[in-house]
*Asks:* 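Let me begin by handing over the structure; questions about it come next.
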Amino acid sequence: MLNLILFGPPGSGKGTQAAFLVEKYQLLHISTGDLFRYEMGNNTPLGQLAKSYINKGQLVPDSVTIGMLKNKVDANPGVKGIIFDGFPRTVAQAGALDSLLDDMGSCVSVLIALDVSDEEITQRILLRGQTSGRADDNDPTIIRNRIDVYKNETTPVFDYYAQSGKSLKINGVGSIEAIFGRLCEAINKL
Ligand code: AMP
């Protein structure tokens, strides 16, 4: 299996690039943010719980997020590989992902971080907020909080996979095609 963690701050282009990568490499795309938004759209108990965190720019608790991720992986046996977009966001989630994949006789192939400055991602998120309908894309205070949470709780995941030589960083600024080219180059070298 090719199991790719697409990593980077909010607004760094993970979702956009994941859509191209799943097509090229025939992978399953799992975005925990999309899964939460689906639940919120259907006003399920999980959606209501997630909303209370997401609309403050905070992380949904690990136990909830890991359980949801595991269900999604279990529901898709026999896939060629998975792109994890927006997961893992904490070291505890990374440990849970490793054991989940280990149980399947697999592992994380690589973590690729999209490197984009705070100024650029803030502009991108505000622009996306004009059409995304996402409450968490429209408020500068919530956006600031999401960036802080990324720095404090999520960047340790980069270091966690760096210990086994699996973390890579690529320039996340430029045209969508140029960034996609950089990602493919990194993946094709694996
Ligand atoms: P995203 O679409 O990836 O930017 O996620 C939107 C929001 O969903 C985040 O700001 C978090 O509140 C929540 N979320 C998404 N993925 C996770 C995760 N792996 N762990 C905890 N919360 C998450």
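Numbering starts at 1 and runs along the sequence shown. Order of appearance sets the numbers: ligands from 1, and atoms from 1 within every ligand.
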*Asks:* Could you pull out every protein residue that has a heavy atom closer than 4.0 Å to ligand 1, ordered by chain and then number?
*Replies:*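 Residues near ligand 1: Thr32, Gly33, Phe36, Arg37, Ile54, Gln58, Leu59, Val60, Thr65, Gly86, Phe87, Arg89, Gln93, Arg134, Asp136, Arg146.
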
*Asks:* Does one side chain, of Thr44 or Glu39, offer a donor that lies under 3.5 Å from an acceptor on the other?
*Replies:*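 On atom types as modelled, these side chains qualify, holding a pair under 3.5 Å.
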
*Asks:* Do Tyr53 and Asp136 pair up side chain to side chain, a donor and an acceptor below 3.5 Å, judged on atom types alone?
*Replies:*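 Side-chain D/A pair, Tyr53 to Asp136: absent.
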
*Asks:* By the definition side-chain hydrogen bond (donor to acceptor under 3.5 Å, both in side chains), identify the one residue from Asp137, Thr141, Thr122 that meets it with Arg146.
*Replies:*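 The option that passes is Asp137.
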
*Asks:* Does a side-chain N-to-carboxylate-O contact under 4.0 Å join Asp34 and Arg37?
*Replies:*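 Between Arg37 and Asp34 there is a salt bridge, with a charged N closer than 4.0 Å to a carboxylate O.
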
*Asks:* Should the pair Lys70-Asp103 be classified as a salt bridge under the 4.0 Å nitrogen-to-oxygen rule?
*Replies:*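 Salt bridge absent between Lys70 and Asp103.
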
*Asks:* Between Ser12 and Val116, is there a donor-acceptor pair closer than 3.5 Å when you use the side chain of the first and the backbone of the second?
*Replies:*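 No, because the side chain of Ser12 does not come within donor-acceptor range (under 3.5 Å) of the backbone of Val116.
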
